[in-house]
Amino acid sequence: MNAISVSDLTKTYGNGVEALRGVSFEVAQGEIFGLLGPNGAGKSTTVRILATLTQPGGGAAIVGGHNVIDDPAGVRRSIGYVAQASGVDRWGTGRENLVLQAQILRVPSGQIGQRVDELLAWVGLTDAADKLVNTYSGGMKRRIDIAMGIIHEPAILFLDEPTTGLDPETRAALWTDLDGLRRDRNLTVLLTTHYLEEADRLCDRLAIVDQGQVVVEGTPNDLKAAIRGDTVTLEVGESTAAARETLRGLDDVYEVIPDGGSVIANVARGAAAIPQLVTALERASIDVQEVTLSRPSLDDVYLQYTGHRFVPGEATGTGEEPRR
Ligand code: ADP
């Protein structure tokens with residue numbers, strides 16, 4: 001049985017924003033599954049529905065064997081949920097926060113002390129356990145947040161943008177922690193992220209979400225491998241439309257996508273293709289200012305399936321306002 005099964009979820013908010021337009025995916029037990037997309041794509045809405053914090057407009061979702069509509073209490077017993085905004089009390093110590101959370105989530109009182117000690121050790125905060133959270137760094141606060149999310153030993157953990165706002169070094173350290181979490185506890189993790197690198201590094205499988213829909217789903221490697229050949233980006237200023245037409249007809253050019261002042265050509269063999277591409281553009285009197293060659297990345301996967309580049313934090317047409 002899958003840990004999470006989502007089929008055709010829809011959601012329109014009271015203000016008329018169609019946040020989800022039929023989202024479907026499955027997450028196997030013990031898997032780290034990512035929802036990757038820019039702000040406004042519908043990731044948080046999906047997770048909030050799965051965590052029973054908001055109701056879907058239509059579709060179905062089963063979480064830990066419980067239906068989110070018919071059995072929200074059953075879902076809540078199976079899950080931990082770590083929201084984007086920290087739920088930590090800054091004026092309590094790390095230990096106090098964990099004990100309080102354990103009490104709220106009805107962990108048997110005889111087990112609380114040991115479980116809190118174990119979790120503090122796991123998140124590397126044993127020494128700081130009795131200091132006020134107010135004195136913690138962003139990464140330490142985030143680790144307490146995550147520890148609070150699993151204090152009741154849920155089977156499934158939802159992490160909504162777990163590393164947003166953290167510096168790259170802290171982010172990388174947290175990735176290692178999350179790997180360990182899955183390995184040691186066989187947790188199923190559903191995380192949302194707008195970092196391509198995070199999805200690539202952490203997720204066993206991921207779904208790219210754009211404008212309220214899953215546009216493609218797979219392992220990071222399979223998604224990248226499905227992009228044939230190499231990617232050549234040619235900066236051509238105002239001439240993207242003409243450049244696209246010129247390049248499209250060439251042998252070994254699979255696809256050409258305009259992107260701002262550049263065109264991105266997906267070609268069989270990048271190094272061999274570059275002279276041919278540049279010569280064709282020069283013959284068409286199109287000035288090439290810069291050429292870069294890259295192996296396919298998740299960014300290219302994203303571009304292929306959505307037709308636009310991945311710009312973290314930028315909405316893609318659902319009337320998104322700046323992040324709350
Ligand atoms: P993401 O997590 O991918 O950034 P969200 O699920 O937060 O996306 O948002 C999807 C869309 O729904 C956005 O256009 C956002 O503005 C809108 N939205 C989210 N929450 C609410 C809400 N409580 N009321 C109205 N609109 C909302």
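Each residue takes its place number in the sequence, starting with 1. Indexing begins at 1, ligand by ligand and atom by atom, following the structure's order.
With ligand atoms numbered from 1 in the order given, ligand 1 contributes 1 (P), 3 (O), 8 (O) to contacts under 4.0 Å with heavy atoms of Ala41. Within the listing of ligand 1, atoms 11 (C), 12 (O), 14 (O), 17 (C) sit less than 4.0 angstrom from a heavy atom of Val17. Near Ala19, meaning under 4.0 Å from any of its heavy atoms, are these atoms of ligand 1: 10 (C), 11 (C), 12 (O).
Here Asp179 pairs with Arg201 in a salt bridge; the nearest charged N to carboxylate O distance falls below 4.0 Å. Between Arg95 and Asp117 there is a salt bridge, with a side-chain nitrogen of the basic residue lying less than 4.0 Å from a carboxylate oxygen of the acidic one. Salt bridge annotation for Arg182-Glu31: absent, with no cationic side-chain nitrogen under 4.0 angstrom from a carboxylate oxygen.
When the options Thr12, Asn15, Thr45, Ile49 are ranked by their closest heavy atom to atom 6 (O) of ligand 1, first place goes to Thr45.
Contact analysis leaves Thr192 out of contact with ligand 1, as no non-hydrogen atom separation drops below 4.0 angstrom. Distances shorter than 4.0 angstrom occur between a heavy atom of Pro38 and an atom of ligand 1. Residue contact annotation: Gly40 has a non-hydrogen atom under 4.0 Å from ligand 1.
On a distance-only criterion, Gln84 and ligand 1 share no N/O pair closer than 3.5 Å. For ligand 1, one of its N or O atoms has an N or O atom of Lys43 under 3.5 Å away.
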Please report, to 0.1 Å, the donor-acceptor pairs under 3.5 Å made by any side chain of residues 229-240, with sequence neighbours excluded.
| residue | atom | partner | partner atom | Å |
| --- | --- | --- | --- | --- |
| Asp230 | OD1 | Arg295 | NH1 | 2.2 |
| Asp230 | OD2 | Gly270 | N | 2.8 |

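Under a hydrophobic clustering in which Ile, Leu, Val, Met, Phe, Trp and Tyr are joined whenever their side-chain heavy atoms come within less than 4.5 Å, directly or via other members, Leu281 and Val256 fall into the same cluster.
Annotation: ring pair (Phe, Tyr, Trp, His ring centres under 6.0 Å) contacts involving residues 136-177, sequence neighbours excluded, are absent.
Using a 3.5 Å distance cut-off with no hydrogens or angles, the side chains of Thr54 and Lys11 do pair a donor with an acceptor.
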